[in-house]
Amino acid sequence: MKYISALLIIMLLTSCQVTETININPDGSGTIEVFQLRDENSYLQLGRPYSDSEKFKDSIFVFQDYITKYAATFAKFNKSDQALFQEHANVKMHIKVDPVQMENFNVISSDFKKIEEIPNLYESLSLANSLKENYPVSKESFKIKYTFDGFTFKRNLLIVDQQKFDKDKKMLEERKKMYAKYKLAQSYTLKYHFPRAIKSVSNEKAIISSDKKNNDIAISTFRLFTKSGNNESGSGFRAKRPSVVSS
């Protein structure tokens, strides 16, 4: 049974810090936000100075804006890709690059009526660029699957393209060796807010608020472990009433 770090997928950029925040309301609706920050000190440590191509940018838009604006391009994609774009129609994106202030981040967020409806936010920006630039759609090798029945919350990582997943794994292993001598700022944090007090969690790295009433769970420098050959990782986060299960 082989396990690999899913930071391989989420953090292919060695200086990336990711925070995933989910707020669930009593009726099961809520919001999700993925904040991805490039640590500029780590970026410069690796000898990657700013180039002229990195110009100031501060853009906020909803994916539907791109579908409307680039309707002619949208029509050129096949039905499957069009359906994928539509899945992300309500996703909001904020991209900021400021070479002067050394700031580089993006925020991808979405509201949901049921948590199972959340699209793969980790590919939203890539899809937006495909639509804008008329590039072929490049799908991620994984998908994060969330479920919540009012009692148990689960977060699982599913492998949807084993070949690409293995290729990403190999890339990560090479980068680990290449950057081992550097002190890079890397983190993967999950912050989950539930409508009721948390009874139990399955991940030993989970930190629950002292009174359990604010329903806040955070995992710092979180590592998922995916099971090779199962197409569904044992990685996740699980909660029962509402406990949280993370495999």
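Bear in mind the structure is a predicted one, so any value in this text is a computation, not a measurement.
- L84 has its side chain within reach of L127: a pair of non-hydrogen atoms, C-beta onward, lies under 4.5 Å apart.
- Heavy-atom neighbours of Y135 OH from other residues, nucleotides or ligands within 6.0 Å: at or below the threshold of 12.
- K191 and H193 get closest at one heavy-atom pair: O-CD2, 4.0 Å.
- Defined by atom type and a distance below 3.5 Å, a donor-acceptor pair is present between the side-chain atoms of E20 and Y192.
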Is there a side chain to side chain contact (heavy atoms under 4.5 Å, CB included) between T189 and V18 once you walk through the steps? CA-CA 6 Å; T189 305; V18 180; over 6 Å; no
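- Nearest heavy atom pair, residue I67 against residue F85, reads CD1-O, 3.8 Å.
- Rounding to the nearest 0.5 Å places CG of D111 at 6.5 Å from OG1 of T31.
- Taking the six-membered ring for Trp and thresholds of 30 and 60 degrees, F35 and F105 have ring planes inclined between 30 and 60 degrees apart.
- Looking at F74 and Q82, their side chains come closer than 4.5 Å, going by heavy atoms from C-beta outward.
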Go through it in stages, so that I can follow the logic: the residues are N129 and L131, the test is side chain to side chain contact (heavy atoms under 4.5 Å, CB included), and I'd like the CA-CA distance, side-chain angles, deciding distance and then a yes or no. CA-CA 5 Å; N129 286 329; L131 186 54; over 6 Å; no
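- Pairing each heavy atom of F148 with each of E116, the nearest pair is N-OE2, 3.2 Å.
- In this structure, CD on E123 lies 11.0 Å from CD1 on I144, to the nearest 0.5 angstrom.
- At distances below 3.5 Å, not a single donor-acceptor pair connects side-chain atoms of R155 with backbone N or O atoms of T147.
- Ring pair Y66/Y70 is perpendicular by interplanar angle, where above 60° counts as perpendicular and below 30° as parallel.
- A 4.5 Å side-chain heavy-atom check between T19 and E33 finds every atom pair outside the cut-off.
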The test is side chain to side chain contact (heavy atoms under 4.5 Å, CB included); show your working for I118 and Y146 and say whether it passes. CA-CA 8 Å; I118 296 175; Y146 308 90; 4.0 Å; yes
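- Two residues are said to be in side-chain contact when any heavy atoms from C-beta on lie closer than 4.5 Å; L125 and N106 meet this criterion.
- Of all the heavy atoms in F112 and I24, the pair that sits closest is CZ-CG1, 4.4 Å.
- Atoms NZ and NZ, on K139 and K164 in that order, are 12.0 Å from each other to the nearest 0.5 Å.
- Two residues are said to be in side-chain contact when any heavy atoms from C-beta on lie closer than 4.5 Å; I159 and S141 fail this criterion.
- The NZ atom of K145 sits 12.5 Å away from atom CD1 of I115, with the distance rounded to the nearest 0.5 Å.
- Annotation for D161: atom CG counts as buried by contact number, over 12 foreign heavy atoms lying within 6.0 Å.
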Taking it one step at a time, do Q64 and Q86 satisfy side chain to side chain contact (heavy atoms under 4.5 Å, CB included)? CA-CA 8 Å; Q64 180 60 52; Q86 291 290 359; 4.1 Å; yes
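- A donor-acceptor contact shorter than 3.5 Å is absent between the side chain of N25 and the backbone of G28.
- Looking at V91 and L121, their side chains come closer than 4.5 Å, going by heavy atoms from C-beta outward.
- In this structure, V107 and M93 have side chains that are not in contact, with every pair of non-hydrogen atoms separated by 4.5 Å or more.
- A distance of 9.5 Å separates NZ of K96 from CD1 of I60, quoted to the nearest 0.5 Å.
- Remark: side-chain polar atoms of D27 are paired, donor with acceptor, to backbone N or O of S29 under 3.5 angstrom.
- Cluster membership check: V97 does not share its hydrophobic cluster with F56, using side-chain heavy-atom separations under 4.5 Å among Ile, Leu, Val, Met, Phe, Trp and Tyr.
- In this structure, S138 and S130 approach most closely via the heavy-atom pair N-OG, 4.4 Å.
- Remark: E133 CD is packed, more than 12 non-hydrogen atoms of other residues, nucleotides or ligands lying under 6.0 Å away.
- Looking at every heavy atom in both residues, S110 comes nearest to K92 through CA-NZ, 4.4 Å.
- Taken from OH in Y122 to NZ in K143, the straight-line distance is 14.0 Å, to the nearest 0.5 Å.
- Looking at F153 and I22, their side chains come closer than 4.5 Å, going by heavy atoms from C-beta outward.
- Using modelled atom types and a 3.5 Å distance limit, the side chains of H88 and N120 yield no donor-acceptor pair.
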